[in-house]
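Shown next, in structure tokens, is the structure this report addresses.
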Amino acid sequence: EMAKSKPSQFVAFDILYYKIQELTSLSLEERKEKLAEAMSRFHLDGIYVNNFVRRNYNRFIEGLKLGGYEGVVFKRRSSPYLAGRRSTYWLKMKFN
């Protein structure tokens with residue numbers, strides 16, 4: 001009932017543990033592969049895996065701005081997950 005009255009989505013961006021294995025030392029690309037593997041086991045509406053965007057970044061950013069998004073985060077594919085720390089692997093770009 002609630003799903004009908006208040007539809008929502010869950011978007012998975014990363015996975016840090018899978019099958020009791022810590023994945024934080026793996027690259028983001030490897031973690032995305034594990035995330036896709038983990039999520040393929042479920043067939044639930046409203047759950048999506050956020051994949052890499054490979055396209056003309058200038059057009060992509062302009063499209064995000066036109067769509068009303070507040071910003072975007074660029075992540076290096078080879079980056080490990082560094083809990084609680086800022087790093088040069090991720091770049092946050094706010095539009096406003």
Side-chain angles (χ1 to χ4, degrees):
E1 266 316 293
M2 182 173 256
K4 290 178 185 174
S5 65
K6 299 190 186 293
S8 62
Q9 295 179 349
F10 175 82
V11 180
F13 292 94
D14 206 341
I15 187 168
L16 306 181
Y17 294 89
Y18 183 53
K19 295 184 177 179
I20 69 168
Q21 178 186 8
E22 184 176 342
L23 306 176
T24 56
S25 64
L26 298 178
S27 71
L28 177 60
E29 192 161 25
E30 292 169 307
R31 294 193 316 274
K32 291 271 191 188
E33 289 172 8
K34 294 285 187 185
L35 177 61
E37 177 186 331
M39 296 307 293
S40 71
R41 298 175 50 210
F42 302 100
H43 302 287
L44 303 171
D45 290 335
I47 296 181
Y48 303 94
V49 174
N50 178 266
N51 294 312
F52 287 112
V53 175
R54 296 179 179 118
R55 56 182 76 157
N56 180 310
Y57 289 105
N58 292 329
R59 288 181 59 194
F60 176 67
I61 290 170
E62 288 306 313
L64 291 174
K65 288 179 182 177
L66 290 171
Y69 290 87
E70 71 177 52
V72 65
V73 176
F74 294 97
K75 299 178 181 182
R76 186 174 292 165
R77 293 168 169 263
S78 62
S79 67
Y81 186 87
L82 304 173
R85 297 184 354 203
R86 290 185 179 254
S87 77
T88 58
Y89 295 128
W90 293 12
L91 172 65
K92 182 178 179 180
M93 177 187 286
K94 291 191 78 160
F95 300 144
N96 297 328

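The analysis underlying the following values was restricted to heavy atoms, covering all of them including side chains, and did not include hydrogens, waters or symmetry mates.
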Quiz item: Are there more than 12 heavy atoms of other residues, nucleotides or ligands under 6.0 Å from atom CZ of Phe95?
Solution: yes
[X] side chain near [Y] side chain, heavy-atom distance below 4.5 Å:
X     : Y     : result
Leu23 : Tyr81 : no
Leu28 : Asp14 : yes
Val73 : Phe13 : no

Approximate separation, where rounding is to 0.5 Å, of [X] [atom1] and [Y] [atom2]:
X     : Y     : atom1 : atom2 : value
Arg76 : Leu91 : CZ    : CG    : 10.0 Å
Arg31 : Ser79 : CZ    : OG    : 5.5 Å
Ser25 : Glu30 : OG    : CD    : 8.5 Å
Glu70 : Lys92 : CD    : NZ    : 7.0 Å
Met39 : Tyr18 : CE    : OH    : 10.5 Å
Ser40 : Leu35 : OG    : CG    : 10.0 Å

Quiz item: Excluding sequence neighbours, so at least two apart, what forms salt bridge (Lys or Arg N to Asp or Glu O under 4.0 Å) with Glu37?
Solution: Lys19
Quiz item: Under the side chain to side chain contact (heavy atoms under 4.5 Å, CB included) criterion, do Val72 and Phe60 qualify, and how do the steps go?
Solution: CA-CA 10 Å; Val72 65; Phe60 176 67; 4.2 Å; yes
Quiz item: In the single-linkage hydrophobic clustering (I, L, V, M, F, W, Y; side-chain heavy atoms under 4.5 Å), do Met93 and Leu64 co-cluster?
Solution: yes
Self-check item: Residues in ring pair (Phe, Tyr, Trp, His ring centres under 6.0 Å) contact with Phe74, at least two apart in sequence or another chain
Solution: Tyr57
Quiz item: Between Lys32 and Glu29, does at least one N-O distance fall below 4.0 Å, as a salt bridge requires?
Solution: no
Quiz item: side chain to side chain contact (heavy atoms under 4.5 Å, CB included) with Glu22: which residues, sequence neighbours excluded?
Solution: Tyr17, Thr24
